[in-house]
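Quick caveat: nothing in here was measured; it's all calculated off a predicted structure.
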Amino acid sequence: MASEPERLSRVRELAISGEARMIRENARLSTTDLARAIGVDKSTVSRWERGQRAPRGRAALRYEALLARLGV
């Protein structure tokens with residue numbers, strides 16, 4: 001398993017590149033569903049996906065884990 005810094009770097013890369021959004025959409029998850037699953041507001045997910053904010057902290061790790069389960 002990757003280290004925490006590696007996981008944070010990976011999820012930030014996925015968000016910035018737009019790949020995280022594609023993964024979410026391919027899984028047919030709304031931003032609301034994803035946000036509920038990782039314990040953040042849907043506007044947070046939206047900001048991550050638009051590149052306005054970088055995922056960080058425990059929420060970013062939950063985001064990374066969910067994306068990994070969806071097929072990253």
Side-chain angles (χ1 to χ4, degrees):
M1 183 173 197
S3 69
E4 189 172 303
E6 290 170 328
R7 291 175 60 208
L8 288 170
S9 177
R10 175 75 175 140
V11 76
R12 288 177 182 140
E13 184 179 304
L14 290 170
I16 291 167
S17 71
E19 192 174 345
R21 181 179 180 173
M22 289 189 312
I23 292 165
R24 177 185 58 76
E25 289 175 345
N26 287 339
R28 298 179 187 217
L29 281 177
S30 68
T31 54
T32 301
D33 293 336
L34 188 141
R36 283 183 187 146
I38 63 173
V40 299
D41 191 88
K42 75 176 190 169
S43 64
T44 300
V45 173
S46 180
R47 285 185 200 109
W48 291 343
E49 290 184 351
R50 291 192 320 259
Q52 292 179 327
R53 297 264 184 190
R56 57 189 176 101
R58 293 193 187 278
L61 295 173
R62 291 189 301 267
Y63 188 32
E64 184 273 338
L66 179 66
L67 291 173
R69 286 193 305 269
L70 294 176
V72 173

Would you say that [X] contacts [Y] through its side chain, given a criterion of any heavy-atom pair below 4.5 Å between the two side chains?
X	Y	value
Arg21	Arg50	no
Ile16	Trp48	no
Glu4	Leu61	yes
Arg24	Glu49	yes
Leu70	Leu29	yes
Glu64	Leu67	no

- Query: Can you tell me if Ser9 uses its side chain to pair, donor with acceptor, with the backbone of Pro5 under 3.5 Å?
  - Reply: no
- Item | Flag, side chain of Arg12 to backbone of Pro55, donor-acceptor distance under 3.5 Å |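 Confirmed, Arg12 side chain pairs with Pro55 backbone.
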- Message: With clusters defined by side-chain heavy atoms of hydrophobic residues (ILVMFWY) lying less than 4.5 Å apart, directly or transitively, does Leu34 cluster with Ile23?
- Response: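 Linked, Ile23 and Leu34 end up in one cluster.
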- State plainly whether one hydrophobic cluster holds both Leu14 and Leu8, where clusters connect Ile, Leu, Val, Met, Phe, Trp and Tyr through side-chain heavy atoms under 4.5 angstrom apart. no
- Task: Verify whether one side chain among Arg7 and Ser3 offers a donor that lies under 3.5 Å from an acceptor in the other.
- Result: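 Judged by distance alone, the side chains do not pair up.
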- Query: Between Asp41 and Thr44, is any side-chain donor less than 3.5 angstrom from a side-chain acceptor?
  - Reply: no
- Query: When rounded to the nearest 0.5 angstrom, what is the spacing between CZ in Arg36 and OG1 in Thr31?
  - Reply: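 It is 10.0 Å, given to the nearest 0.5 Å.
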- Can you name the closest pair of heavy atoms from Ile38 and Arg62 and give their distance?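 Distance-wise, the nearest heavy atoms are O-NE, 2.6 Å.
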- Is Glu6 paired with Arg10 through a side-chain N to carboxylate O contact shorter than 4.0 Å? no
